[in-house]
Number of protein chains: 2
Amino acid sequence: MIKTHSIYLVEDHIIVRNGFKELIENMGNYKVTEEFDNGKQLINKIHVGQPDLIIMDLTMPVMDGKATMRWLKEHNIKYPVLILTLDTSDKTIIDLYKSGVRGYLPKTCTAQTLKSAIDNILTTGYYHNELLSNALLRNDGYPVRDERMEILNLCSDRELHFLRLVCSPDEFTYEQIAQKMDVHKRTVDGYRESLFEKFKLRSKTGLVLFAIKNELVPL
Amino acid sequence: MIKTHSIYLVEDHIIVRNGFKELIENMGNYKVTEEFDNGKQLINKIHVGQPDLIIMDLTMPVMDGKATMRWLKEHNIKYPVLILTLDTSDKTIIDLYKSGVRGYLPKTCTAQTLKSAIDNILTTGYYHNELLSNALLRNDGYPVRDERMEILNLCSDRELHFLRLVCSPDEFTYEQIAQKMDVHKRTVDGYRESLFEKFKLRSKTGLVLFAIKNELVPL
DNA sequence: TACTTTCAAGGTGTTAATTCCTTTTTAACA
DNA sequence: TGTTAAAAAGGAATTAACACCTTGAAAGTA
């Protein structure tokens, strides 16, 4: 007697969800024990049952797949997650893989591929395929960014200089930065406010994160 | 008529090298055009010919595989490299993948696997297998670094949780973090001060930089 | 039990960060 | 040359960050 594994399905399109549900339950030893329209619904009930696997779409209303993965990671919840979606950009795949997904499949995959992905995750803890490896290799481990140039163009030289000083490991205050840049304290305030406004930031911490994420400063 | 591809072999044990050479040339459309005892020999002659692929061992005298990859990367030389070695630790695999290798095989692989690896690299530019994906997934996306582990051991779970919230793109204040962690404002102060002292930091900005540099938080 | 250590919590004061508003300077331009 | 827009400075007030010191509870230990 083979144990039946419990699977949660998170997918907003009910038709698609029913399709996958049937597909999965026809495999024999899997049962879809819970279904959710979006990530919010999932995390609200995540402490109720104990799924062996969560299969989730990426584009969903209210709380999408990425946000859900972030939440799960933040709350240290480690049920394996298999992403099933149409979005297969390198950036998306890498982001998700970084937030801890165990496998990634296009919705267009065959039933057989889906089955082997599920099997693999449940037995070995993960499913690896070309999508992940290729995305990683193509990017040499770094996220893809066209945005970078755009951002650089939006910033003046002095703003970038300021940004680099903000990210210095010496942890300068704005006053020290003003000295280093040989301008007034308030001028530096201006650089900060300008960057805050342009990139919707609210704090020095935000500046640092923004600069690093967009590779505007060397690490 | 199929084009014969040119392959360089870098391997210090001549017996092993000859074994592989024969194996490779028996595949039909591949020819080992140069052989080297170590990486130093390879880079000395790297500008002479134009190999379609370099197959390299890791443990070699004078200049080993890792050092050679670093040199090639630094000099922007992009011939595809397939690593063939016994060392299959996660750290090694990830380090190499970061320095740009296109594939990684244990020396114990079958002739058939070797052939498909070579074919794959020459046609698609890379060869992905379990070794790479697994190493990456096991590490949750982070490179293995001794320092990182040391730091992780020095931090309590709550301190790490706190650190992740500090680095959140939502730019939380400490008060908001206290709410999220469901502890008192002053308790959060404690986490902060403890991290400040342990790692010689002075500011929230410093925390963010520290966390990111040591890959304690996802980007 | 008494002692120590560790962590959560609390009080208070100082410094830095952030915001809002105003003025001056600079540079571009009709 | 006078007008205007943007950058640089400045004043001042609010909030967050940071530092120092104390207390209480829990856990481990002699």
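Lettering follows sequence order; numbering is per chain, from 1.
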Is the NZ or CZ atom of A:Arg192 both under 6.0 Å from the centre of the six-membered ring of A:Phe196 and within 45° of that ring's axis? yes
Got a second to check how far A:Asn26's CG is from A:Lys115's NZ, nearest 0.5 Å? 11.5 Å
For A:Phe172, give me all partners under ring-ring contact (aromatic ring centres under 6.0 Å, His included), at least two apart in sequence or on another chain. none
Going by number, which of residues 160-183 of chain A have a non-hydrogen atom under 4.0 Å from DNA chain D? A:Val183
In chain order, what residues pass the salt bridge (charged side-chain N to carboxylate O under 4.0 Å, His left out) check against A:Arg17, with sequence neighbours excluded? A:Glu35, A:Asp37
Close approaches to DNA chain C from residues 186-208 of chain B, in residue order (heavy atom, under 4.0 Å): B:Arg186, B:Thr187, B:Tyr191
Show me the donor-acceptor pairs, under 3.5 Å and distance only, between side chains in residues 173-182 of chain B and residues at least two apart or in other chains.
{"residue": "B:Thr173", "atom": "OG1", "partner": "B:Glu175", "partner atom": "N", "Å": "3.4"}
{"residue": "B:Thr173", "atom": "OG1", "partner": "B:Gln176", "partner atom": "N", "Å": "3.2"}
{"residue": "B:Gln176", "atom": "OE1", "partner": "B:Thr173", "partner atom": "N", "Å": "2.8"}

So which pairs with a foot in residues 159-172 of chain B pass salt bridge (Lys or Arg N to Asp or Glu O under 4.0 Å), sequence neighbours left out? B:Glu159-B:Lys198
What distance do B:Ile121 atom CD1 and B:Ile55 atom CD1 have between them, rounded to the nearest 0.5 Å? 7.5 Å
Got a salt bridge between B:Lys185 and B:Asp189, using NZ or NE/NH1/NH2 to carboxylate O under 4.0 Å? no
Separation of atom CZ in A:Arg158 from atom P in C:dA27, rounded to whole Å: 13 Å
